[in-house]
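In the text below, chain A, chain B and the rest are named by the order of the sequence lines, each starting its count at 1. Remember, predicted model here, so these are calculated numbers, not experimental data.
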There are 2 protein chains.
Amino acid sequence: MADVAQRAGVSTSTVSRTLRGLSTVSPEVRARVEEAARELNFAVSRQAASLVTGRTGTVAVLVPTLNSWFMGAALSSLAPLLRAAGMDLNVYMVGDLAARTAFFDRLPARRNADALLVFCFDLTDEETTRLDNIGMPVIYVSQHVEGRPSVYVDDVAGACKATRHLINLGHRRIAFAYTVGVRGFSFSSRERLLGYRQALAEAGIPLDEDLVVTTPPRDKRGTTQAVGNLLSLREPPTAIFAEQDELAASVISTLRTVQIEVPERISVLGFDDQLMAEWLDLSTVAQSPSDIGREAAELALELINDPEADRGRHIVLPTHLIPRGTTAPPSAPQGERQANGHAEGRRV
Amino acid sequence: MADVAQRAGVSTSTVSRTLRGLSTVSPEVRARVEEAARELNFAVSRQAASLVTGRTGTVAVLVPTLNSWFMGAALSSLAPLLRAAGMDLNVYMVGDLAARTAFFDRLPARRNADALLVFCFDLTDEETTRLDNIGMPVIYVSQHVEGRPSVYVDDVAGACKATRHLINLGHRRIAFAYTVGVRGFSFSSRERLLGYRQALAEAGIPLDEDLVVTTPPRDKRGTTQAVGNLLSLREPPTAIFAEQDELAASVISTLRTVQIEVPERISVLGFDDQLMAEWLDLSTVAQSPSDIGREAAELALELINDPEADRGRHIVLPTHLIPRGTTAPPSAPQGERQANGHAEGRRV
């Protein structure tokens, strides 16, 4: 290390701070030290450094999947911010209950990060309590826990906006479709269901439980059944609010196979505003996972670097209705639609 | 550690091996040790352990983005396999040339992983040589480098199949659309262009460079321009092969705005077989990123654990044509189409 210091013209402690990735080093000095280290082919072990500092230089994220639009966009904005702060990003994917149990069972054996970001889990009280005691800041992302740092969008308000849009268009028979996966992995769905119910209640429309349908995630047969349940009602819906764009796309694809036109016969509304929502001309509620990732990274860095920071802060991000081509007023009174001779003639 | 060993009824070296995540410990013993560690709230520092073993217990992945279907699916199959082997997953996202240069400049200062998986980069010879000398196995994923371990699909053959399908349907004016992002981040696009050219050559169809168009990734305006270039040719294509499903979806969306029917007027074919290909009824070439992720994880573990393993092995995965509703024979001879009075009347 002394060789590197001499070559770079700085103290050995500056070399140490630079190679440990600390942000107190100026970019100019960092460049000089790294250049010197490169020329000497000097390898510092972060492991060795961390024994001195007590810091690992790592932020861990706990995610239910990596295979989703939301996680991809959130991590893509989070990763460069951590990198710029000299932190590594460690990803724990806990995709099922067994992996989840194993993760929590092994918590005491973990001291491999300076902060943990927990994404999209519907945690039990016991799990939350365990996370309180792991000895590093824990930030809840795309979910919120009372008294703990949390970054999320207001799913209740977003779903409420979506449902109001349909009500304002003149719909009264509005279905809500949501995905149900492994228990405890669907925090947002539950909140969006609340928003749907809230908007109906506001408008004085009684909740009809038959209009609330579920499907496993990314399951074509499940979507077909859920849509089938709606189409076989005595009084089918004139609008379907699917709580994710992917589900909305699958619903539209299912309706197309039985030649029910969207939005002429049934309006469909999603949630997310993925890129494909634009291709499908899908009306939806936009959220920004990249904003969520950025806020989460900044909050993590703040909590790592400032022991006095507020550890109960909630950062709540907005949602926006994006009206597009898949929502429209209900086309015609019931009688006329039946006269068209379409499949819904059964509901006399 | 002695306390944990006593409580679990095993040797301290077994405790050490267990908490370091080595796979030589039986699941039953691992469970016992972890239970004991949990009861004693025993925290092992992997950093401390690694100073003894020379192992970090970490696999690093270098990726250009996390915000793509391909990376999401690949990492989702890779992560649980590493986890099962007791390895952490460290993600380096290097999204632009500056970050890429910084990554390679800091290579000598890295000894934080036991293997590195490099995804989807079109590396320079200099970068490859640097990676040869970082002191850990480097596996190339979704790309291939002569003499280095590589896991990828045969993009040339896949694009060749796609183009042949269009030729077999009777198309002769076949366009190829591909995305061009930051230089050096598009290995597969280049290979797919080769496959397109190869299939045309086989069929004796001369290459028309005007039919090869590019767009920045995920850029609606770019797609509109690329499609515009094709539609304003003297003799427009009857089929467009887009080298990614997302681009194909964007092309279809653009054609829809000018009421050019797919596949009646123009066939569109993608590459990937993302979930949305099914919703869009998109003909495409399927690849399996989850198979790629699995093979890459297994190869990494093999190279970490067996110094004698073949370090030049290439694992090449197959692609499959998935014919769906967006490809069909060209509908009518040119004269008849002009008689329909559509926008292409300009090309007399």
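Going from atom CG of B:Leu78 over to atom CE of A:Met93 covers 9.5 Å, rounded to the nearest 0.5 Å. Separating the CD atom in A:Gln274 from the CE atom in B:Met276 is a distance of 10.0 Å, to the nearest 0.5 Å. Separation of atoms CH2 (A:Trp279) and CG (B:Leu280) is listed at 8.0 Å; rounding is to 0.5 Å.
For B:Leu82, no part sits under 4.5 Å from any heavy atom of chain A, backbone or side chain.
Heavy-atom minimum distance, B:Val91 versus A:Arg83: O-NH2, 4.0 Å.
Each of A:Pro289, A:Pro80, A:Ala249 has some count of heavy-atom pairs under 4.5 Å with chain B, and the biggest count is that of A:Ala249. Comparing A:Leu275, A:Leu89, A:Thr65 by how many heavy-atom pairs each has under 4.5 Å with chain B, the most go to A:Leu89. Considering only heavy-atom pairs separated by less than 4.5 Å from chain A, the leading option among B:Asn90, B:Val63, B:Val61, B:Ile252 is B:Asn90. The greatest number of non-hydrogen atom pairs below 4.5 Å with chain B, out of A:Ser253, A:Ser77, A:Ala99, is found for A:Ser253.
Put simply, the side chain of B:Tyr92 reaches to within 4.5 Å of the side chain of A:Asp88, judged on heavy atoms.
Take B:Ala277 and apply the side chain to side chain contact (heavy atoms under 4.5 Å, CB included) test, not counting sequence neighbours, and it matches B:Asp245, B:Asp273, B:Leu282, B:Thr284, B:Arg324.
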For residues 68-76 of chain A, which side-chain donor-acceptor pairs fall under 3.5 Å, sequence neighbours excluded?
{"from": "A:Ser68", "atom 1": "OG", "to": "A:Met71", "atom 2": "N", "distance (Å)": "3.1"}
{"from": "A:Ser76", "atom 1": "OG", "to": "A:Gly72", "atom 2": "O", "distance (Å)": "3.2"}
{"from": "A:Ser76", "atom 1": "OG", "to": "B:Leu66", "atom 2": "N", "distance (Å)": "3.1"}
{"from": "A:Ser76", "atom 1": "OG", "to": "B:Asn67", "atom 2": "N", "distance (Å)": "3.0"}

